[in-house]
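FYI, the numbering just counts along the sequence from 1.
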Amino acid sequence: MYWFIIAAFAGYLLGSIPFGLLITRLAGLGDIRHVGSGNIGATNVLRTGRKDLAFATLLLDSFKAGLAVLLIASISGERNVGLVAGAFAFVGHCYPIWLGFKGGKGVATYAGLLVFASPLALAVGAPIWLILFAVTRISSLAALTAAAFVPLGAFLLGETQFATFLLLGLSVLVFWTHRENIKRLLSGTEPKFGSKSK
């Protein structure tokens, strides 16, 4: 039991590192929270016009969940403990203690978790995201649809019950962090990727 507590604590702290904010500040662009949507994730970093910084943010936000999984699973010797660490890295990204619990929406961190912890879930989510994004050019719609299908698809492909319920909880949290996007999607005002804000 104590391993799960350690995993949750370590994963949360690792996930709380606001790479988007740190990278843009180091690049001399100021506080990313004053740009666009105010989000610290890669999509908002892209609004600064710096694709390189957005890509770096995407990689680092993804890898921190993967690192939590690999590190804690290897130390504890338990896959489920690693999964908990990765899940709490996701929570830490969305609600970082260093930024008053106001962080990113978690899509990149969720993807990183799947890459390192559940290839079965990745096999479901990645194609759905890629196809929908290619067709609609709406990142939030692609992410929400992928998140909705990941738990069920992973379970049908043979993922464990523990991992499936964990993924289900994270998918629900993805919908919560995207609640404003959902409102815009329903009203038809959600911008497409590459479109300029009015």
Side-chain angles (χ1 to χ4, degrees), residues 8-71 85-116 129-130 132-134 136-144 146-147 170-171 173-198:
F9 184 72
Y12 175 79
L13 289 180
L14 185 59
S16 289
I17 301 173
F19 285 116
L21 178 64
L22 295 175
I23 288 172
T24 49
R25 277 186 171 172
L26 288 173
L29 298 179
D31 193 331
I32 189 63
R33 292 172 295 179
H34 298 154
V35 175
S37 65
N39 195 272
I40 63 170
T43 301
N44 200 42
V45 173
L46 187 60
R47 292 190 176 102
T48 65
R50 292 288 301 272
K51 294 181 181 179
D52 55 337
L53 300 183
F55 184 65
T57 301
L58 177 66
L59 287 181
L60 290 170
D61 280 348
S62 299
F63 186 66
K64 60 188 179 184
L67 178 61
V69 171
L70 292 177
L71 184 63
F88 272 85
F90 174 91
V91 174
H93 175 77
C94 297
Y95 303 102
I97 189 172
W98 323 114
L99 302 180
F101 304 102
K102 296 179 181 179
K105 296 180 180 178
V107 175
T109 311
Y110 196 4
L113 171 66
L114 299 184
V115 169
F116 288 93
W129 188 93
L130 288 169
L132 267 179
F133 182 72
T136 67
R137 306 298 290 177
I138 302 177
S139 179
S140 60
L141 178 61
L144 288 166
L170 296 183
S171 289
L173 190 52
V174 167
F175 272 77
W176 175 252
T177 60
H178 283 77
R179 57 193 181 280
E180 294 302 321
N181 301 84
I182 293 172
K183 290 178 182 178
R184 290 193 294 270
L185 285 168
L186 292 174
S187 65
T189 58
E190 180 76 339
K192 294 186 177 183
F193 181 79
S195 64
K196 295 182 179 179
S197 300
K198 294 182 180 180

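- Annotation: side-chain hydrogen bond (donor to acceptor under 3.5 Å, both in side chains) contacts of Ser140 (sequence neighbours excluded): Glu190.
- Note that CD1 of Ile32 is 11.5 Å distant from CZ of Arg50, once rounded to the nearest 0.5 Å.
- The side-chain contact (heavy atoms from CB on, under 4.5 Å) search around Ala8 returns Val84, Phe88, not counting sequence neighbours.
- Identified under the ring pair (Phe, Tyr, Trp, His ring centres under 6.0 Å) test for residues 16-53, with sequence neighbours left out: none.
- Across all their heavy atoms, Gly11 and Ala68 have their closest contact at CA-CB, 4.3 Å.
- The structure places CD1 of Ile17 at 9.0 Å from CG of Leu60, a figure rounded to the nearest 0.5 Å.
- With sequence neighbours excluded, the residues that form a ring pair (Phe, Tyr, Trp, His ring centres under 6.0 Å) with Phe116 are Phe63.
- Among residues two or more places apart in sequence or in another chain, the salt bridge (charged side-chain N to carboxylate O under 4.0 Å, His left out) test is passed with Lys183 by Glu180.
- Nearest heavy-atom pair across Val45 and Gly20 is CG2-CA, 4.1 Å.
- The side-chain hydrogen bond (donor to acceptor under 3.5 Å, both in side chains) test applied to Ser171 returns Tyr110, not counting sequence neighbours.
- Applying the side-chain contact (heavy atoms from CB on, under 4.5 Å) rule to Leu46 yields the partners Lys51, Ala54, Phe193; only residues at least two apart in sequence or on another chain are considered.
- Residue pairs that meet the side chain to side chain donor-acceptor pair (under 3.5 Å) test with at least one member in residues 21-31, sequence neighbours left out, are Arg25-Asp31, Asp31-Arg33.
- The two residues Thr189 and Ser187 have their closest heavy-atom pair at OG1-OG, 2.8 Å.
- Legend: residues meeting side-chain contact (heavy atoms from CB on, under 4.5 Å) with Ala56, ordered by chain and number and at least two apart, are Ile23.
- Between Gly86 and Leu113 the shortest heavy-atom distance is CA-CD1, 3.6 Å.
- Asn44 is linked by a side-chain hydrogen bond (donor to acceptor under 3.5 Å, both in side chains) to Ser37, Arg47, counting only residues two or more places apart in sequence or in another chain.
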Using a 3.5 Å cut-off and no angle test, enumerate the donor-acceptor pairs between side-chain atoms of residues 89-101 and protein atoms at least two apart in sequence or in another chain.
residue : atom : partner : partner atom : Å
His93   : ND1  : Lys64   : NZ           : 3.1
Tyr95   : OH   : Trp176  : NE1          : 3.2

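- In terms of the salt bridge (charged side-chain N to carboxylate O under 4.0 Å, His left out) criterion, Lys105 has no residue partners (sequence neighbours excluded).
- Residues Arg137 and Phe133 have side chains in contact (heavy-atom distance under 4.5 Å, counting atoms from C-beta outward).
- In this structure, the side chain of Ser62 engages the main chain of Ala108 through a donor-acceptor pair within 3.5 Å.
- The two residues Asn39 and Gly103 make their nearest non-hydrogen contact at ND2-O, 3.6 Å.
- Atom CZ of Phe55 has 12 or fewer heavy atoms from other residues, nucleotides or ligands within 6.0 Å.
- Of all the heavy atoms in Ile138 and Pro191, the pair that sits closest is CG2-O, 4.2 Å.
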Please test Leu144 against Leu185 for side-chain contact (heavy atoms from CB on, under 4.5 Å), starting from the C-alpha separation and ending with a verdict.
-> CA-CA 11 Å; Leu144 288 166; Leu185 285 168; 3.9 Å; yes
Leu53 and Leu29: side-chain contact (heavy atoms from CB on, under 4.5 Å), yes or no, with the steps?
-> CA-CA 10 Å; Leu53 300 183; Leu29 298 179; 3.5 Å; yes
